[in-house]
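Heads up: the structure comes next, in structure tokens.
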Amino acid sequence: MTESSPPTRLWGGRFSGGPAEALSRLSMSVQFDWRLAPYDLLASRAHARVLHSAGLLDDAELQRVMVALQELDHDARHGMFRPDAEDEDVHTALERGLLERVGVLGGKLRAGRSRNDQVATDLRLYLRDHVRQIVGRITELQTAMIDQAERNADVPAPGMTHMQHAQPVLFAHHLLAHVHPLVRDIERLKDWDRRAAVSPLGAGALAGSSLPLDPEAVASELGFASAAANSIDAVSDRDFAAEFLFCAALIGVHLSRLGEEIVLWTTREFRWVELDDAFSTGSSIMPQKKNPDVAELARGKAGRLIGDLVTLLTVLKGLPLAYDRDLQEDKEPVFDAVDTLLLVLPAVAGMVSTMQVDAVRLTNTAADGYALATDVAEHLVRKGVPFRDAHEAVGHLVVWCTVHECELADVSDSDLATVSKHLTPDVRDVLSVEGALASRSAPGGTAPKRVREQLDAVRDQVHAHASWATAH
Ligand code: ARG
């Protein structure tokens, strides 16, 4: 290292001068990777213990290094130690902090490891920790949805396909249909966690170390299930980040679909729900406006979550093994996805838990648009009419009602007979929303007793997921 080069640069030895200003600015990642500091320090403590077991740090040295790392952790968390303008990345800054505390002894910690295995380890530790926070926030949203379903357990609603009235459903059934995708999202993250639980530390730059280190001991100290099986893969692999970003993007898509529905439900045309004042915004010009911004932002944020995934996949595509500096571009999309989910999920949960459902309006419109027509056709099928003929007969009945501006149940016996010989007065027996709902009693159906079972089952799943998030 020359006199002029900054004392904390980790690679000054063979260079005659300092780096160009433009390179330094391009190379610098500390402004975003500083959030890895607590994880880098955890990994450093595990590494120090392994150096001690290998006889490369004596008892007193280990003791001094551990105390200094502990202090550094405290100081970094409380803003008393910060990266300075010379620190290229989080690893550089923390090595400087260690050197400031224990002098040359701090330089021993770098033995047997490289920023390549360090940064891959830090990012895995960071993500495994934050995935648990994200799962916790998802379960809070699910609980808000389930509580709304419970409060509106008997309320029928128009069920739609193609955004047209199709068949009545329980509103609770519809709400729970937004909970199941989130259940799958959590299952996906738990499955992700098994694959992410591999420690790169010990891979060094790419080839492992000639020093007698113990990667398995480091792995288990850091809560990983095992050490990486291949040191080249250990430093090159970012599948865990890409897979996480896919999970995050899909959560974003699920929140977006929920957001879109809530936007519709709050319109004057639907009037299914009213948002609480605390979760809606006004207009700067139109005094009457109450806007569903939380739902719209949830919908909009899906765009950046999908972008984060595409960013990383594009960085990874075509990268040769082992480490390449392109990999530094892995962090910002990952951090953005984590921040975005932790920002959006509590807002959506708050919006859902405080929204007022208009049960009267839902009930009164559940059968709008001749939504019981299928029930009449299936009634005819039970009496032996081929479905093709039943469908046709009820189709004629719908046209008759449209022309005469009446409901299916309002047609007289003689008019029914005029429309079709299949339409006998007993078709009126199936023209009730309660009857239509109760008859959908196969598993997964919208019959009240099935929805009750579904609600209990999904609540149990959510409880189990919430405890997974806090237990590990
Ligand atoms: N800041 C770098 C990153 O995030 C750390 C690894 C640097 N390694 C290297 N050989 N230059 O990827």
Side-chain angles (χ1 to χ4, degrees), residues 149-150 152-181 257 261 264-265 269-270 272 357 359-458:
E150 184 106 54
N152 296 282
D154 306 321
V155 178
M160 313 257 183
T161 64
H162 311 264
M163 276 312 285
Q164 308 291 319
H165 288 248
Q167 293 172 347
V169 293
L170 276 189
F171 189 57
H173 196 49
H174 192 126
L175 288 174
L176 293 176
H178 282 291
V179 178
H180 292 284
R257 295 181 76 173
E261 293 218 283
L264 286 172
W265 296 349
E269 288 66 26
F270 271 78
W272 288 12
V357 175
V360 174
R361 181 157 168 85
L362 283 168
T363 306
N364 290 342
T365 55
D368 274 8
Y370 309 112
L372 295 172
T374 316
D375 295 82
V376 177
E378 288 180 356
H379 174 74
L380 298 184
V381 166
R382 278 193 293 274
K383 289 175 45 179
V385 180
F387 186 75
R388 189 183 164 81
D389 300 333
H391 188 283
E392 173 123 346
V394 181
H396 289 148
L397 180 61
V398 167
V399 173
W400 200 93
C401 290
T402 314
V403 170
H404 292 86
E405 294 183 20
C406 69
E407 292 301 319
L408 299 174
D410 301 337
V411 185
S412 69
D413 293 358
S414 62
D415 288 336
L416 283 175
T418 314
V419 173
S420 163
K421 66 172 193 287
H422 297 305
L423 296 172
T424 46
D426 53 293
V427 298
R428 262 185 234 106
D429 298 349
V430 296
L431 287 176
S432 87
V433 169
E434 298 79 74
L437 292 173
S439 68
R440 265 84 181 168
S441 58
T446 194
K449 65 174 180 208
R450 289 285 170 257
V451 173
R452 179 76 256 167
E453 289 163 8
Q454 188 194 152
L455 204 149
D456 293 340
V458 89

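Values below: all heavy atoms of this structure, side chains included; hydrogens, waters and symmetry mates excluded.
Under the 4.5 Å side-chain criterion, counting only non-hydrogen atoms from C-beta, Y370 is not in contact with L397. Looking at E150 and R452, their side chains come closer than 4.5 Å, going by heavy atoms from C-beta outward. Inter-residue side-chain proximity for L423 and V376 is flagged as met; some heavy-atom pair is nearer than 4.5 Å. The closest side-chain heavy-atom distance from R450 to H173 is not below 4.5 Å. In this structure, the side chains of L170 and L175 stay at 4.5 Å or more apart for every pair of heavy atoms. Side-chain atoms of T365 and P158, non-hydrogen and from C-beta on, do get closer than 4.5 Å to each other.
H174 pairs by the side-chain hydrogen bond (donor to acceptor under 3.5 Å, both in side chains) definition with E261, not counting sequence neighbours. Here D413 pairs with R428 under the salt bridge (charged side-chain N to carboxylate O under 4.0 Å, His left out) rule; sequence neighbours left out. Taking H404 as the reference, W400 meet the ring pair (Phe, Tyr, Trp, His ring centres under 6.0 Å) condition, with sequence neighbours excluded. Residues passing the side-chain hydrogen bond (donor to acceptor under 3.5 Å, both in side chains) test with E434, sequence neighbours excluded: none.
Between V451 and T446, the shortest heavy-atom contact is CG2-O, 3.6 Å. Scanning all heavy atoms of the two residues, the minimum distance from V169 to G159 falls at CG2-CA, 3.9 Å. The two atoms that bring V394 and A373 nearest to each other are CG1-O, 3.6 Å, heavy atoms only. Residue A436 comes nearest to S439 through the heavy atom pair O-OG, 2.8 Å, listed as atom of the first residue, atom of the second, then distance. Closest approach of A438 to A447, counting heavy atoms only: O-CB, 3.7 Å. Heavy atoms only, all atoms of each residue included: V411 and C406 are closest at CG2-SG, 4.2 Å.
Atom-to-atom distance recorded for E378:CD and R440:CZ is 5.5 Å, nearest 0.5 angstrom. Between the CG atom in L264 and the CE atom in M163 there is a gap of 4.5 Å [rounded to 0.5 Å]. Rounding to the nearest 0.5 angstrom, the gap separating the CG atom in D375 from the CG atom in D429 is 12.0 Å. In this structure, CG on D368 lies 5.5 Å from NE2 on H165, to the nearest 0.5 angstrom.
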Can you list, pair by pair, the side-chain donor-acceptor contacts under 3.5 Å of residues 380-390, counting residues two or more places apart and other chains?
from : atom 1 : to   : atom 2 : distance (Å)
K383 : NZ     : T424 : OG1    : 2.8
K383 : NZ     : D426 : OD1    : 3.4
K383 : NZ     : D426 : OD2    : 3.1

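In this structure, the side chain of S412 engages the main chain of D415 through a donor-acceptor pair within 3.5 Å.
Heavy-atom contacts from other residues, nucleotides or ligands closer than 6.0 Å to CZ of R361 number more than 12. The neighbour count for D154 CG, taken as heavy atoms of other residues, nucleotides or ligands under 6.0 Å away, does not exceed 12.
Applying the ring-ring contact (aromatic ring centres under 6.0 Å, His included) test to pairs two or more places apart or on separate chains, none has a residue in residues 437-457.
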